[in-house]
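Sequence positions, counted from 1, serve as the residue numbers for this chain.
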Amino acid sequence: MKNKFEPFINEKGFVILDGAMATELESRGADLNHSLWSAKLLTEAPELIKQVHYDYLVAGADVITTASYQASFEGFAQYGYSAGQAIELMQLSSKLAFEAREAAMKVRPGSIIPLVAASIGPYGASLADGSEYRGNYGVSIEFLKSFHRQRMKVLIDTGVDLLACETIPCLDEAIALKEVLAEFPGTQAWISFSCKDDSHLSSGEDFSDAVKLLDQSTQVVAVGVNCTAPQYIESLIKIGKSHTAKPILVYPNKGEEYDAVDKVWRPSTTNHAHFIDDARIWHAAGSTIIGGCCRTTPGDISQLKQLS
């Protein structure tokens with residue numbers, strides 16, 4: 001099975017991911033102080049989601065990620081949506097990304113068609129209590145498999161290029177995702193973890209163990225880190241490189257700290273104003289797939305073209 005990232009890496013040596021969806025929507029006036037987060041706008045302002053996708057593509061992103069991070073049957077059910085309505089909203093998240101890609105290809109140079117990755121947020125995201133940054137779920141691997149299975153099928157069936165299993169805080173959830181992915185032969189995914197420091201997952205488990213766990217899966221085409229403070233990324237890349245030959249993928253936040261109680265970002269004590277400066281360090285350390293997470297913008301992603 002050919003790695004979906006290969007054409008980009010072969011052509012220019014790296015892949016540019018998009019940046020934040022939710023915080024970018026907020027910067028454009030959306031109110032996301034809600035447990036459905038960006039998925040809330042699938043019903044309220046789908047055209048705004050499509051515009052953000054388009055802007056990242058025009059900025060140079062080789063991959064855009066659907067607004068399905070917080071989309072789950074359980075999450076939608078809390079607000080009175082039926083299972084059928086939840087499926088339609090998940091399908092819409094892919095449709096918006098496809099439409100944005102089609103529009104962007106009319107103005108975007110280059111011969112390689114950008115990829116659409118369906119965001120698969122962690123179980124903790126559905127709880128809307130910040131537990132994706134702790135990983136202390138207290139549930140079984142079988143429970144996590146059941147949680148992920150049906151929505152993964154819905155999104156795979158929309159024809160996305162691959163899955164983006166992101167902000168995974170613990171080994172149990174990585175095991176669950178790996179095992180469910182095996183139920184869909186031919187589907188590729190990346191799995192990226194949230195980390196608390198330069199060597200540990202948010203749960204406290206070793207990042208090296210997470211990489212080793214995923215190394216043997218042919219369907220996992222990249223492994224890495226997202227929504228983690230920039231100062232930890234170089235070390236995590238080096239750990240990843242020492243345990244797998246898969247591409248190492250990183251899309252950190254801007255270094256600010258999220259307050260899950262007040263649902264606001266607290267200022268950073270370190271300076272990460274120039275995204276390209278950090279990205280050059282990450283690329284030199286061995287990451288070939290680079291983008292941004294919370295608080296990054298199309299302007300930040302545009303800087304990544306300077307890596308070549």
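The hydrophobic clustering, which links ILVMFWY residues whose side-chain heavy atoms are closer than 4.5 Å, places Val223 and Ile237 together. Residues Tyr79 and Leu42 fall within the same hydrophobic cluster, defined by Ile, Leu, Val, Met, Phe, Trp and Tyr side chains chained together at heavy-atom separations under 4.5 Å. By the rule that hydrophobic residues join a cluster once side-chain heavy atoms approach within less than 4.5 Å of another member, Leu57 and Ile301 end up as members of one cluster. No continuous path of ILVMFWY side-chain contacts below 4.5 Å connects Ile175 to Phe147, so the two sit in separate hydrophobic clusters. Residues Val58 and Leu25 are members of separate hydrophobic clusters, defined by side-chain heavy-atom contacts under 4.5 angstrom among Ile, Leu, Val, Met, Phe, Trp and Tyr.
Atom CD of Glu102 sits in a sparse spot, with 12 or fewer heavy atoms from other residues, nucleotides or ligands closer than 6.0 Å. In this structure, Lys145 places its NZ atom where more than 12 heavy-atom neighbours from other residues, nucleotides or ligands lie under 6.0 Å away.
Between the side chain of Lys246 and the backbone N or O of Ser217 there is at least one donor-acceptor pair closer than 3.5 Å. A donor-acceptor pair is defined here as one N or O able to donate and one able to accept, closer than 3.5 Å; no such pair exists between the side chain of Lys196 and the backbone of Gly204. Without hydrogens or angle criteria, Lys4 side chain to Asp161 main chain gives a donor-acceptor distance under 3.5 Å. Put simply, the side chain of Asn226 never gets that close to the backbone of Pro252: no donor and acceptor are under 3.5 Å apart. Side-chain N or O atoms of Arg149 include none that pairs as donor or acceptor with a backbone N or O of Val180 at under 3.5 Å. With hydrogens and angles ignored, the 3.5 Å screen pairs no side-chain donor or acceptor of Glu132 with any backbone N or O of Thr167. In this structure, the side chain of Ser287 engages the main chain of Ile248 through a donor-acceptor pair within 3.5 Å. Formation of a donor-acceptor pair under 3.5 Å by the Asp206 side chain with backbone atoms of Ser208 is not found in this model. In this structure a side-chain-to-backbone donor-acceptor pair under 3.5 Å is present from Asp18 to Thr65. Proximity of a side-chain donor or acceptor of Arg295 to a complementary backbone N or O of Ala20 within less than 3.5 Å is not detected.
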Identify each donor-acceptor pair in which a side-chain atom of residues 113-120 lies under 3.5 Å from a protein atom, sequence neighbours left out, and give them as a table.
unit_1 : atom_1 : unit_2 : atom_2 : d
Ser119 : OG     : Glu166 : OE2    : 2.4

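For the pair Met90 and Arg151, the minimum side-chain heavy-atom distance is below 4.5 Å. Residues Trp190 and Val220 are not in side-chain contact: their nearest non-hydrogen atoms beyond the backbone lie 4.5 Å or more apart. By the 4.5 Å heavy-atom criterion applied to side chains, Glu183 and Met152 are not counted as neighbours. Side-chain contact between Asp62 and Leu17 is absent, with no heavy-atom pair separated by less than 4.5 Å. Side-chain contact between Phe98 and Val160 is present, with heavy atoms from C-beta onward closer than 4.5 Å. At a threshold of 4.5 Å between non-hydrogen side-chain atoms, the residues Asp209 and Leu171 count as touching. For the pair Ile289/Val250, no side-chain contact is recorded, criterion being any heavy-atom separation below 4.5 Å from C-beta on. Looking at heavy atoms from C-beta onward, Val139 lies in side-chain contact with Leu144 at the 4.5 angstrom threshold.
Relative to the ring axis of Phe14, Lys12 places its NZ or CZ within 45° and under 6.0 Å from the centre.
Note that NZ of Lys241 is 14.5 Å distant from CG of Leu236, once rounded to the nearest 0.5 Å. Taking CD from Glu99 and NE2 from His53, the interatomic distance works out to 10.0 Å, rounded to the nearest 0.5 Å. For the atom pair CE of Met21 and CG of Leu41, the computed distance is 9.0 Å after rounding to the nearest 0.5 Å. Note that the OG1 atom of Thr244 and the CG atom of Leu213 stand 11.0 Å from one another [nearest 0.5 Å]. Summarising the geometry, atom OG1 belonging to Thr187 is positioned 11.0 Å from atom CG belonging to Leu155; distances are rounded to the nearest 0.5 Å. Distance check: Ser194 OG to Arg134 CZ gives 11.0 Å after rounding to the nearest 0.5 Å.
With 3.5 Å as the limit, one finds no donor-acceptor pair spanning the side chains of Ser72 and Ser126. Looking only at atom types and distance, the side chain of Tyr137 has no donor-acceptor partner in the side chain of Ser131 under 3.5 Å away.
Between Asp215 and Lys212 there is no salt bridge, since no side-chain nitrogen of the basic residue lies less than 4.0 Å from a carboxylate oxygen of the acidic one. Using a cutoff of 4.0 Å between basic side-chain nitrogens and carboxylate oxygens, Asp300 and Lys254 are scored as salt-bridged. A salt bridge does not link Lys50 to Asp55: none of the charged side-chain nitrogens sits closer than 4.0 Å to a carboxylate oxygen.
When all heavy atoms of Ala174 and Leu214 are compared, the pair lying nearest together is O-CD2, 4.4 Å. The two residues Glu24 and Thr296 make their nearest non-hydrogen contact at OE1-O, 4.2 Å. For Thr297 against Tyr56, the heavy-atom pair with the smallest separation is C-CE2, 3.5 Å. Taking every heavy atom of both residues into account, Pro247 and Val221 meet most closely at CD-O, 3.2 Å. Nearest heavy atom pair, residue Phe193 against residue Ala210, reads CZ-CB, 3.5 Å. The minimum heavy-atom distance between Lys2 and Gln188, with the atom names listed, is O-NE2, 2.6 Å.
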Practice problem: Quick one: do Ser203 and Glu205 satisfy side chain to side chain donor-acceptor pair (under 3.5 Å)? Show the steps, please. | Solution: CA-CA 6 Å; Ser203 62; Glu205 296 163 302; 2.7 Å; yes
Practice problem: For the pair Tyr54 and Ile64, evaluate side chain to side chain contact (heavy atoms under 4.5 Å, CB included) and give the outcome as yes or no after the intermediate values. | Solution: CA-CA 9 Å; Tyr54 177 87; Ile64 54 172; over 6 Å; no
Self-check item: Residue pair Leu92, Leu96: steps toward the side chain to side chain contact (heavy atoms under 4.5 Å, CB included) verdict
Solution: CA-CA 6 Å; Leu92 177 60; Leu96 295 170; 3.9 Å; yes
Quiz item: Hey, mind stepping through Phe207 and Ser199 against side chain to side chain contact (heavy atoms under 4.5 Å, CB included) and telling me if it holds?
Solution: CA-CA 6 Å; Phe207 178 60; Ser199 61; 5.7 Å; no
Quiz item: So Phe275 and Leu304, side chain to side chain contact (heavy atoms under 4.5 Å, CB included) or not? Walk me through it.
Solution: CA-CA 8 Å; Phe275 195 66; Leu304 296 177; 3.8 Å; yes
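Under the rule for a ring pair (Phe, Tyr, Trp, His ring centres under 6.0 Å), Phe8 has no partner lying at least two apart in sequence or in another chain.
The aromatic ring centroids of Phe143 and Tyr123 lie less than 6.0 Å from each other.
Residue pairs meeting the salt bridge (charged side-chain N to carboxylate O under 4.0 Å, His left out) criterion with at least one member in residues 220-238, sequence neighbours excluded, are Glu234-Lys238.
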